[in-house]
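For reference, the structure is listed below as structure tokens.
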Amino acid sequence: MTDKERAAIYEKMQQDIAKASNRVEHFWQHSYPLLSEQAKLQVWSKYLFSLLRWNGESVDEQLDMFTKESYETWKKREPQIDKLLEALIPKVSEYLGGGYERLIRDRLNR
């Protein structure tokens with residue numbers, strides 16, 4: 001493969017990433033605000049459980065996603081995130097084996 005071919009592949013990948021990012025941003029700005037509370041809860045549930053699976057096998061690694069910084073980012077996306085987290089934290093704790101609600105809340109500074 002030539003340098004020119006590699007550069008073309010890289011450029012195509014960058015364009016695809018930008019398109020995907022634009023679609024995600026469009027969802028958050030235009031589609032998400034129109035969702036019902038139940039639908040928003042489902043969005044956040046899928047998001048958090050995807051992160052849990054992606055973050056690793058150990059509970060410590062999985063809990064890494066629960067930070068004050070993460071919370072602040074989530075709050076920008078969803079002003080009512082506290083209400084949604086009240087429903088989601090017990091489910092996340094149960095998924096991890098139980099007994100993690102207080103720790104998750106502490107990590108989120110909630």
Side-chain angles (χ1 to χ4, degrees):
M1 181 180 299
T2 67
D3 286 345
K4 188 175 180 179
E5 290 170 325
R6 272 189 270 267
I9 291 169
Y10 178 77
E11 179 63 29
K12 173 72 169 111
M13 288 173 52
Q14 292 297 98
Q15 290 171 358
D16 290 347
I17 290 169
K19 285 179 188 176
S21 180
N22 288 339
R23 284 192 299 273
V24 168
E25 199 56 39
H26 183 272
F27 167 78
W28 284 109
Q29 289 181 4
H30 301 285
S31 301
Y32 179 80
L34 302 175
L35 296 175
S36 68
E37 186 176 320
Q38 185 61 34
K40 288 179 178 182
L41 187 61
Q42 289 174 341
V43 166
W44 284 96
S45 180
K46 288 178 184 178
Y47 173 71
L48 292 178
F49 280 94
S50 293
L51 286 178
L52 283 170
R53 288 187 297 276
W54 185 74
N55 259 9
E57 296 297 320
S58 77
V59 171
D60 287 339
E61 290 172 344
Q62 290 174 322
L63 289 173
D64 284 347
M65 64 186 253
F66 296 104
T67 64
K68 185 174 191 240
E69 293 78 17
S70 294
Y71 172 80
E72 295 301 327
T73 300
W74 301 342
K75 187 80 170 171
K76 288 177 187 171
R77 293 282 190 201
E78 173 52 69
Q80 298 299 316
I81 193 66
D82 291 321
K83 185 175 182 181
L84 298 174
L85 286 172
E86 284 305 310
L88 291 169
I89 288 174
K91 292 178 183 181
V92 169
S93 177
E94 183 179 325
Y95 173 82
L96 295 172
Y100 292 96
E101 288 183 47
R102 181 75 262 152
L103 180 59
I104 292 170
R105 287 183 197 336
D106 288 348
R107 290 177 64 94
L108 293 173
N109 203 23
R110 302 285 12 103

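Of the inter-residue distances, the one linking L52 atom CG with L63 atom CG reads 8.0 Å to the nearest 0.5 angstrom. Expressed to the nearest 0.5 Å, how far OG of S45 lies from CD of Q38 amounts to 9.5 Å. Rounding to the nearest 0.5 Å places CD of E86 at 11.0 Å from NZ of K83. Summarising the geometry, atom CD belonging to E25 is positioned 8.5 Å from atom CG belonging to N22; distances are rounded to the nearest 0.5 Å. Distance check, rounded to the nearest 0.5 Å: OG1 of T73 to CD1 of I81 gives 11.0 Å.
Aromatic rings of W28 and W74 (six-membered ring for Trp) have centroids beyond the 6.0 Å cut-off, not under it.
Closest approach of L84 to W44, counting heavy atoms only: CD1-CD1, 3.5 Å. Closest of all the heavy-atom pairs between P90 and A87 is CD-O, 3.7 Å. Between G99 and S93, the shortest heavy-atom contact is N-OG, 3.2 Å. Considering all non-hydrogen atoms of both residues, L85 and L48 come closest at CD2-CD1, 4.2 Å.
Counting only heavy atoms from C-beta outward, the side chains of R102 and D106 approach each other to under 4.5 Å. Put simply, the side chain of Y100 does not reach to within 4.5 Å of the side chain of I89, judged on heavy atoms. Residues L88 and Y47 form no side-chain contact, since every pair of their non-hydrogen atoms from C-beta on lies 4.5 Å or further apart.
Not counting sequence neighbours, the partners of D82 by the side chain to side chain contact (heavy atoms under 4.5 Å, CB included) test are Y71, K75, R110. Q15 is linked by a side chain to side chain contact (heavy atoms under 4.5 Å, CB included) to E11, K12, counting only residues two or more places apart in sequence or in another chain.
No salt bridge links K76 with E69; every basic N to acidic carboxylate O contact stays at or beyond 4.0 Å.
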Between L103 and R107, is the side chain to side chain contact (heavy atoms under 4.5 Å, CB included) condition met? List the steps.
CA-CA 6 Å; L103 180 59; R107 290 177 64 94; 4.1 Å; yes
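Among R77, H26, K40, E78, the single residue meeting the side chain to side chain donor-acceptor pair (under 3.5 Å) criterion with Y32 is E78.
Heavy atoms of other residues, nucleotides or ligands lying less than 6.0 angstrom from CD of E72 number more than 12.
Grouped by direct or indirect side-chain proximity (heavy atoms under 4.5 Å, Ile/Leu/Val/Met/Phe/Trp/Tyr only), L34 sits alone.
Following chains of ILVMFWY side-chain contacts shorter than 4.5 Å, one cannot reach I17 starting from Y10, and the two form parts of different hydrophobic clusters.
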